[in-house]
Amino acid sequence: MEARLNLYGNAVATKFARYINSAGKVVSDSTLPPATQELVKIRASQINGCGFCTDMHTKDAAHAGETAQRLHLVAAWREAKVFTDAERAALELTEQGTRIADAAGGVTDEAWANAAKYHDEDQLAALVSLIALINAYNRMNVIIQQPAGDYQPGQFG
């Protein structure tokens, strides 16, 4: 399987990736816990059917010390006892923020208030930015059918 478009072999795509990666650095440098960041990226990628991002972020999370049990349970986080209340609030916001088109009215006030109970304003800004960012990456990879499975942790820096 080959991607429809080489994102790193096309000048426009490469320039766009450089800018979007810079936006990602703002989030990764924030006070939003790194484990939460990876859980958010994994969950949105699962929902969007982005194999490339699901592969990347599960491998990066495992490389950073995340347990296999938690990684296996991200898709079923509501029934899993292994996530903190703050992580659960972030995962709920991720799901609602990713499924905007499916939800009547978008993200609920309840989901926002729950996330705000556990995250300060800067963390909320990082969380919202991360949800938007991973959804953009997912859409790019799904559109071009970027193959999954070969990613190595740290491959992109």
Side-chain angles (χ1 to χ4, degrees), residues 1 3 7 20-21 23-157:
M1 174 181 223
L7 293 177
I20 200 169
N21 289 339
K25 180 141 177 50
V26 173
V27 175
S28 64
D29 290 347
S30 76
T31 60
L32 187 65
T36 301
Q37 291 184 38
E38 288 302 327
L39 294 173
V40 164
K41 290 183 268 190
I42 293 164
R43 187 63 191 126
S45 299
Q46 290 171 335
I47 292 167
N48 289 323
C50 183
F52 185 82
C53 289
T54 301
D55 180 51
M56 174 191 290
H57 296 298
T58 54
K59 286 177 178 175
D60 282 347
H63 186 73
E66 188 59 79
T67 67
Q69 180 186 35
R70 283 170 42 98
L71 292 175
H72 293 306
L73 289 171
V74 172
W77 65 268
R78 282 181 179 80
E79 292 82 27
K81 300 187 291 184
V82 297
F83 301 106
T84 68
D85 288 341
E87 290 168 338
R88 296 169 75 73
L91 288 165
E92 178 64 32
L93 193 65
T94 300
E95 287 194 3
Q96 289 190 23
T98 298
R99 293 184 166 133
I100 287 174
D102 300 335
V107 175
T108 65
D109 290 339
E110 180 179 85
W112 181 261
N114 194 37
K117 278 192 332 195
Y118 301 103
H119 301 94
D120 65 28
E121 190 170 279
D122 284 347
Q123 291 173 330
L124 286 170
L127 187 55
V128 169
S129 299
L130 180 59
I131 294 165
L133 183 65
I134 192 60
N135 274 279
Y137 279 120
N138 291 165
R139 279 152 176 75
M140 289 171 50
N141 287 318
V142 169
I143 290 167
I144 66 162
Q145 295 182 341
Q146 185 68 41
D150 294 332
Y151 177 79
Q152 298 298 315
Q155 178 176 324
F156 296 120

Output, in order, the C-alpha distance, side-chain angles, deciding distance and verdict of side-chain contact (heavy atoms from CB on, under 4.5 Å) for Leu93 and Val40.
CA-CA 9 Å; Leu93 193 65; Val40 164; over 6 Å; no
With a 4.5 Å cut-off on side-chain heavy atoms, are [Y] and [X] touching?
X: Pro33; Y: Gln123; value: yes
X: Asn141; Y: Cys53; value: yes
X: Glu92; Y: Asn114; value: no

Roughly how far apart are [X] [atom1] and [Y] [atom2], rounded to 0.5 Å?
X: Ile42; Y: His57; atom1: CD1; atom2: NE2; answer: 8.0 Å
X: Leu124; Y: Leu32; atom1: CG; atom2: CG; answer: 9.0 Å
X: Thr54; Y: Lys41; atom1: OG1; atom2: NZ; answer: 12.5 Å
X: Leu127; Y: His119; atom1: CG; atom2: NE2; answer: 6.0 Å
X: Tyr118; Y: Thr36; atom1: OH; atom2: OG1; answer: 12.5 Å

Can you tell me which residue pairs pass the side chain to side chain donor-acceptor pair (under 3.5 Å) test with a partner in residues 59-71, sequence neighbours excluded?
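Residue pairs passing side chain to side chain donor-acceptor pair (under 3.5 Å), neighbours aside: Asp55-Lys59, Asp60-Tyr151, Glu66-Arg70, Arg70-Glu87.
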What side-chain donor-acceptor pairs closer than 3.5 Å can you find for residues 100-110, not counting sequence neighbours?
{"unit_1": "Thr108", "atom_1": "OG1", "unit_2": "Gln96", "atom_2": "OE1", "d": "3.2"}
{"unit_1": "Thr108", "atom_1": "OG1", "unit_2": "Ala111", "atom_2": "N", "d": "3.0"}

With sequence neighbours excluded, give me every salt bridge (charged side-chain N to carboxylate O under 4.0 Å, His left out) pair touching residues 147-157.
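As it turns out, there is no salt bridge (charged side-chain N to carboxylate O under 4.0 Å, His left out) pair with a partner in residues 147-157 once direct neighbours are skipped.
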Pairs in or reaching into residues 114-132: which pass salt bridge (charged side-chain N to carboxylate O under 4.0 Å, His left out), with residues at least two apart or in two chains?
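Pairs touching residues 114-132 that pass the test: none.
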Restricting to salt bridge (charged side-chain N to carboxylate O under 4.0 Å, His left out), what partner residues turn up for Glu95, sequence neighbours left out?
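By the salt bridge (charged side-chain N to carboxylate O under 4.0 Å, His left out) rule, Glu95 matches Arg43, Arg78, Arg99.
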Please report the shortest heavy-atom distance between [X] and [Y], naming the atom on each side.
X: Ala115; Y: Ala89; result: CA-CB, 3.8 Å
X: Phe83; Y: Leu73; result: CE1-O, 3.8 Å
X: Gln37; Y: Ser30; result: NE2-OG, 3.9 Å

Quick one: does Arg88's side chain have a donor or acceptor within less than 3.5 Å of a partner on Trp77's backbone?
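Yes, because the side chain of Arg88 sits within donor-acceptor range (under 3.5 Å) of the backbone of Trp77.
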Atom pairs and distances, donor-acceptor, side-chain atoms in residues 131-139, under 3.5 Å, two or more places apart:
{"unit_1": "Asn135", "atom_1": "OD1", "unit_2": "Asn48", "atom_2": "ND2", "d": "2.8"}
{"unit_1": "Asn135", "atom_1": "OD1", "unit_2": "Arg139", "atom_2": "NH1", "d": "2.8"}
{"unit_1": "Asn135", "atom_1": "ND2", "unit_2": "Thr98", "atom_2": "OG1", "d": "3.1"}
{"unit_1": "Asn135", "atom_1": "ND2", "unit_2": "Ile131", "atom_2": "O", "d": "2.7"}
{"unit_1": "Tyr137", "atom_1": "OH", "unit_2": "Asn21", "atom_2": "OD1", "d": "2.3"}
{"unit_1": "Asn138", "atom_1": "OD1", "unit_2": "Ser45", "atom_2": "N", "d": "3.4"}
{"unit_1": "Asn138", "atom_1": "OD1", "unit_2": "Asn48", "atom_2": "ND2", "d": "2.8"}
{"unit_1": "Asn138", "atom_1": "ND2", "unit_2": "Ser45", "atom_2": "OG", "d": "3.0"}
{"unit_1": "Asn138", "atom_1": "ND2", "unit_2": "Ile134", "atom_2": "O", "d": "3.3"}
{"unit_1": "Arg139", "atom_1": "NH1", "unit_2": "Asn135", "atom_2": "O", "d": "3.3"}

